[in-house]
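Worksheet: one structure, shown below.
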Amino acid sequence: MPELPEVETIKRSLEALIVNRRIVDVEVLETRLRVPVRENDFPRWIIGHRIARISRKAKYLIWELKNSAAVVIHLGMSGRLVYVNEPLPLEKHTHVIFHLDNSRQIRFRDPRRFGLIEVVAPNRLKSYQRFRQLGAEPLTDAFSADHFSPLCQRSQRSIKNLLMDAGLVVGIGNIYANEILFKAGVHPLRRGSELTEGQARRIVHAAKKVLTRAIEKGGTTLNDFRDGRGEPGFFQIELAVYERDGQECKKCGTLIEKAVSSGRSTYYCPACQRL
DNA sequence: AAACGCGCCTGCGGGC
DNA sequence: TGCCCGCAGGCGCGTT
């Protein structure tokens, strides 16, 4: 569920809390994440080192340490990072606990275990495998109609599928893909090769708009997160189509429809988004 | 070679 | 009431 805006929100809220803190211990309670947690990497590169900065790449969160090593975290579907002020009881599915030098903790909790935590040795981030095949960051100039339109043109896949392909553009999952295409007025099942130039431009524009707006909204709900209880305010953004099948389109009143595409639920207004 | 399908995993909601 | 089934989804990998 955490897509780009949620990861960006977490990044920003964590910055004030853990940048310049030293990681004094890492407790691994469960190694079986999507990628097994390599416990041995922690004492070697992480424990005893200070966090210099936090960055985000696609849906990955990166803690860069002063020794130039890094912790890479992906939240998968159900991952959460909980900042803990006091010795609160362990919540179920807490897999990894980072102990900081101010006696606070960052707890990684992930019921479905689709997330991952990996240590990258000093100065190896540039060659880190998982970052090699990533496409454009949607909120940078690298993601433009000039860039995206030709990629679509040469594909028979649906535009929704293309938007969710991290090899082309990163950070967009099922929820935002649906919302972006509604805003752009493009049917999610339209083939890339059948997109007009104008549609491609509208999609790129809508993507930037929707993601930026979602980040702004996420940024308003940092308080719960800071306390380490409650959810970090995901999905407070008003969704136009996602999970709204059978309800009226907010633009024209037509009933929102649901289809399944590549095994994923797809929502659209049949009037605003013609195939 | 592009594109699709599956499996990983748990919680939850609907149906019976 | 309680159980079971299906769905939710990012990502990597296997298959066609």
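In the text below, chain A, chain B and the rest are named by the order of the sequence lines, each starting its count at 1. Everything numeric in this text was worked out from a predicted model, so none of it was measured.
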Could you list, one pair per line, each protein nitrogen or oxygen that sits under 3.5 Å from a nitrogen or oxygen of nucleotides 8-11 of chain B, together with the distance?
residue	atom	partner	partner atom	Å
B/dC9	O4'	A/Arg112	O	3.4
B/dC9	O3'	A/Arg113	NH1	3.4
B/dT10	OP1	A/Arg113	NH1	3.0
B/dT10	O3'	A/His93	NE2	3.3
B/dG11	OP1	A/His93	NE2	2.5

Query raised in the report: Could you go step by step and tell me if A/Gln247 and A/Tyr267 meet the side-chain hydrogen bond (donor to acceptor under 3.5 Å, both in side chains) rule?
Result: CA-CA 11 Å; A/Gln247 299 177 46; A/Tyr267 305 87; over 6 Å; no
Query raised in the report: Do the ring planes of A/Phe98 and A/Phe42 sit parallel (below 30°), tilted (30 to 60°) or perpendicular (above 60°)?
Result: perpendicular
Query raised in the report: Just how far, in rounded Å, is C1' of C/dA8 from OH of A/Tyr267?
Result: 9 Å
Report task. Using atom CG of A/Asp110 as one end and atom C1' of C/dC11 as the other, report the distance to the nearest whole Å. Result -> 13 Å
Report task. Please check the phosphate of C/dG10 (OP1 and OP2 only) for any side-chain N or O of A/His74 closer than 4.0 Å. Result -> no
Query raised in the report: Between A/Leu33 (CG) and C/dC11 (P), how many Å, whole number?
Result: 15 Å
Query raised in the report: Starting at CD1 of A/Ile175 and ending at C1' of C/dA8, how long is that distance when rounded to a whole Å?
Result: 10 Å
Report summary line: A/Leu168 atom CG is separated from C/dG10 atom P, nearest whole Å, by 15 Å
Query raised in the report: Rounded to whole angstrom units, what separation is found between the CE atom of A/Met77 and the C1' atom of C/dC7?
Result: 10 Å
**Report entry** Ionic contact status for A/Glu8 with A/Arg12, cut-off 4.0 Å
**Finding:** yes
Query - Rounded distance (Å) that lies between atom P of C/dG10 and atom CE of A/Met164 - result: 5 Å
Report task. Write out all pairs satisfying side chain to side chain donor-acceptor pair (under 3.5 Å) with one or both partners inside residues 65-74 of chain A, taking only residues at least two apart or from two chains. Result -> A/Asn20-A/Lys66, A/His49-A/Asn67
Query raised in the report: Taking OP1 and OP2 of B/dG5, is either one under 4.0 Å from a side-chain nitrogen or oxygen of A/Ser262?
Result: no
Query raised in the report: Please, which pairs that meet salt bridge (Lys or Arg N to Asp or Glu O under 4.0 Å) have at least one residue in residues 24-47 of chain A, sequence neighbours excluded?
Result: A/Glu30-A/Arg32, A/Arg38-A/Asp41
Report task. Please identify each residue that fulfils ring-ring contact (aromatic ring centres under 6.0 Å, His included) with A/Phe182, with sequence neighbours left out. Result -> none
**Report entry** Residues A/Arg130, A/Glu118: salt bridge by 4.0 Å N-O rule
**Finding:** yes
Query raised in the report: Can you list every pair that meets salt bridge (Lys or Arg N to Asp or Glu O under 4.0 Å) and has a residue in residues 186-209 of chain A, with sequence neighbours left out?
Result: none
**Report entry** the helix from B/dA2-C/dT16 to B/dC16-C/dG2: angle between end helix axes, five pairs per end, rounded to 10 degrees
**Finding:** 60°
Query raised in the report: Same cluster or not: are A/Leu168 and A/Phe143 linked, directly or through other Ile, Leu, Val, Met, Phe, Trp or Tyr residues, by side-chain heavy atoms under 4.5 angstrom apart?
Result: yes
Report summary line: A/Leu162 atom CG is separated from B/dA3 atom C1', nearest whole Å, by 10 Å
